[in-house]
Amino acid sequence: MIGESVTRREDARVLLGQTQFVDDLERAGMAHVAFVRSPHARAAITAITGPAPGEAEGLIAVIAAADLAGLVKPFPVTDPEGAQVADEPHPILAADEVRYAGQPVAAVIARSRELAEDAAEMVAVDYEPSAAVVDARESDLTMMRWARSVGDVETAFAQAAHVVSSRHALPRLMAAPMETRGCVAEYDRGRDELTVWASVQDPHRPRAQLAHILSRPEETVRVIAPDVGGAFGSKGVIAPEVAAVAAAAIKLGTPLKWTEDRLENLLASYQGRGIEGDLELGLDAKGRFLALRARLWADLGGYLLTTTPIPPHTAATLICGCYAIPAADVVMTGTRTHKVPTGPYRGAGRPDATYMIEALVDKASRELGIDRIELRRRNLVRAFPHRTPTGLEYDSGDFGACLDLALELAGEDAAASLTAPPGPATASGTGLALYVERAGGAWESATIELEPDGRFVIATSANAHGQGHETTFAQIAADRLQASLDAIVIRHGDSATSPRGVGTFGSRSVAMAGSAILIAADRLVQRARALAAHLLGGQADAIELGPEGFAAAGGDAIAWPALAAAAYTPGRLPSDMELGALHADARFRSASVFSSGAYIATVEIDRATGALSVTRLVAVDDSGTVINPLLVHGQVVGGAVQALGECLVEEAVFDETGQNRSGSFLDYSLLTAAEIPEIVTGEVHTRSPLNPLGAKGAGEGGAVGTLAAVAGAVTAALGGLAPDPPYTAEKLWRALHPDATPQEDNP
Amino acid sequence: MKLTDELRIAAPLKTTWPVLLDVPTVARALPGATIEKGAEQGEYRGRMKVKLGPITAEYSGVARLEEIDDDDHVARFHVVGREARGQGTAEATITIGARGEDGATQLRIETELAVTGRQAQLGRGVMEEVATGVLREFVGRLEGAITGDGGAGPGSAGADDVFDAGAAVYRPVLERAAILLVGVLVGLGLGRVVWRR
């Protein structure tokens, strides 16, 4: 069962419209919430005047920060290993200042969303605006800093035969999930229990965040994540709006719904990337890497949300890429700007690090005149586990095998076109990138119970929001139980019924939650085998597990439903077995595991217009043991397509006053199927030694490798120029025509 | 966003300068603007309506003459408004420099415009077009107000005055389209010539 391309079991209900998303939920007496948002990027609030109930149709309440005083506190903030994090948490509603355009200032509650929006327009907020900081390097407030220096970096640079330096920046991006953020919050005063249905990646992190914000014990907060229409990292932290809605639901005792519209999502949902840096690489005369120096910057936005410090930390620690670099001096400085906060977005620091180190290696290849494949081969990490100067331990991998397979799939033509001569009408180029990514880590849990009908109900701590857990996890369990997929029921997404866990992000679910399921299933089999041996007579190790249940050597068999019944029949149990013993649970923990891969992209740039087309993409990923190749392929292609959007069109543009100028899909483009090239995928499987499956992660590789490969291809096409993405026609045209004076746009 | 316009008015500086210092006259030249009578401490209250396709933005706010330099003939106006419905704001600092020249007046109008809220966040580029349209209209109306031609343009100062920025925006778009069309036609023509060889 493991390794089979089973089609997704969860698709039918979604495709047939038989599932419910948060906005489909209705509760008796439910009211609706709209938010008053700051139009300014930076301002002091001097007064808030709202209409009173009766002054606006259907209005129930206008709730500002003052109304929630004592009810809420700001977001909890994670401090990653070794990082210093400032005490600048995101407030729930803005009190006396706003730090980004779109920041929620007041919640307006009315009988319908439309009436709430109308009433929200009547709320008058007096602001005293001041000049916004929009450049991370020009900020006067560091909110996150991580620095590490290992090895004698100074001496290494002093003795280096070559020093290559580069500067890169990745713009901010929007996750733009199909389903926007939203929630329904209901408070049961008698039980003192808050239930929040929310479009979130998993239930436990939002529950912990809400419990912190509302100063409530976790068990009085229940978070339910129904089917989720996409998150891509942007729903790992609950929206400040959700916390405001939850607090208002408690205060008013009324069930409340908030579903943001697309404009709110593009304005106020946390963004990804926004990371830049200056890098220096010291090499010896043979092109071996001696030392890396990196000064990295992250544009964190106005406040810290729970996971805002994570992507910069991940980018900084992965900056050595797939290369054995003996010494490194890395500083990541995350600063406050007057923009919406940043947070994880598919890849979350991994594409950033890969883009920067791979561009630097390409530059070294050009400056030293060493073929870029050869230069990479000379410096690849080849022995595992490998400890990087930045403190990571790569558990396993075969970076050379990934490179070899990618070159093979790209074919000789592509390998030759790495040095293709420029064409007359188009400039073409091929780019190559290797990546390594941190996946897994921390812990997850699972419970399994045999049902009377012989099926197995598994509750997992890892919630799916599009990844296909109900299929993949069922395959793992079916494999261990030798059962059919139909006999496996996977439940997730409700903090009241799902075992405690960390969450679904960072390509970690199979390695962590999948391993927990494997262990729980094995424990159940062990107990069931003991019971079967007792009932059939004989030694437990002589009893065979089969598709229906257990069979003894003599031919006597007992099926799962009979075992389930026996487990609750006191007279049939062995004396040392507890009643109802056919259940098990497991918690699995491990250090991070490391996926890797090699990507090759071929591009053509129209010399006349600057338009870029990516004509071919080869994606080779090593995600360890693959449970379901079909789903991994989907993850790779999906990630690659998101990264192609990042290469071609996506950029959250802010003007000098901090206004987000990308407030609609008219202004923030997403790719369509027409721009997607042929994507050829290949797999390398090096098992992780850190979990029983040997699994790593597959969710982000496509997003990590593609950007760097396309960037390399663009640089090859431009003869060594390395502009930063997105590679818009205008940007590439200017690079191709450096002497041209653009016509004045404005009349 | 900074916009600069130059304009020559066929009237001597001593006629035009006092008119330029009259806030209601200058404010009324803003298309779509209505001004209440009488000032409080030099501040005039008013409204301004701008229509862009299906979106109408109505701002209410104040205009004041912030600085006058009678020697160099420079006047700075400050206009700030908040959306009548919604949270967006618009703020403009308009600096008018006047210079007498051969019995006429040469004006240089510099406008610093800052727009927040949805009007700033939607339709990147459209805002610049709208602002340019508004300013072009403003300059035309100002000229009319000074020369007494009453050239206040469409929807001159009345309660229902709405500046249809759509027209102002579509015009340049159409101009560009026309240039493109000519280019295509020329290209086709050339192509045909080459093909005939």
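Here is how names work: the chains are called A, B, and so on, in the same order as the sequence lines, proteins then strands, and each is numbered from 1.
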By side chain to side chain donor-acceptor pair (under 3.5 Å), A/Ser139 pairs with (sequence neighbours left out) none
Would you mind checking which part of A/Glu656 comes under 4.5 Å of any heavy atom in chain B, side chain (CB onward), backbone (N, CA, C, O), both or neither? side chain
More than 12 heavy atoms of other groups within 6.0 Å of A/Glu128 CD: no
Do the side chains of A/Glu264 and A/Glu241 get nearer than 4.5 Å, heavy atoms only? no
Expected contact set for residues 78-87 of chain B against chain A at heavy-atom separation under 4.5 Å reads B/Arg82, B/Ala84, B/Arg85, B/Gly86, B/Gln87
Do B/Ile109 and B/Phe138 have side chains that approach each other closer than 4.5 Å (heavy atoms only, starting at C-beta)? yes
Could you check whether A/Asn265 and A/Glu260, counting side-chain N and O atoms only, form a donor-acceptor pair closer than 3.5 Å? yes
Under 4.5 Å from any heavy atom of chain B - which part of A/Leu267: side chain
Could you have a look at A/Val125, A/Val105, A/Val36, A/Thr657 and say which one has the most heavy-atom pairs with chain B under 4.5 angstrom? A/Val125
Below 4.5 Å from any heavy atom of chain B, which atoms of A/Asp118 appear? Answer side chain, backbone, both or neither. both
Classify the side-chain pair A/Tyr668/A/Glu650 by whether it contains a donor and acceptor separated by less than 3.5 Å. yes
Against chain B, label A/Ala41 side chain, backbone, both or neither, depending on which of its atoms sit under 4.5 Å from a heavy atom there. neither
Has B/Glu101 got more than 12 heavy atoms of other residues, nucleotides or ligands less than 6.0 Å from its CD? yes
Once you measure the plane-to-plane angle for A/Tyr303 and A/Tyr100, does it fall in the parallel (<30°), tilted (30-60°) or perpendicular (>60°) bin? perpendicular
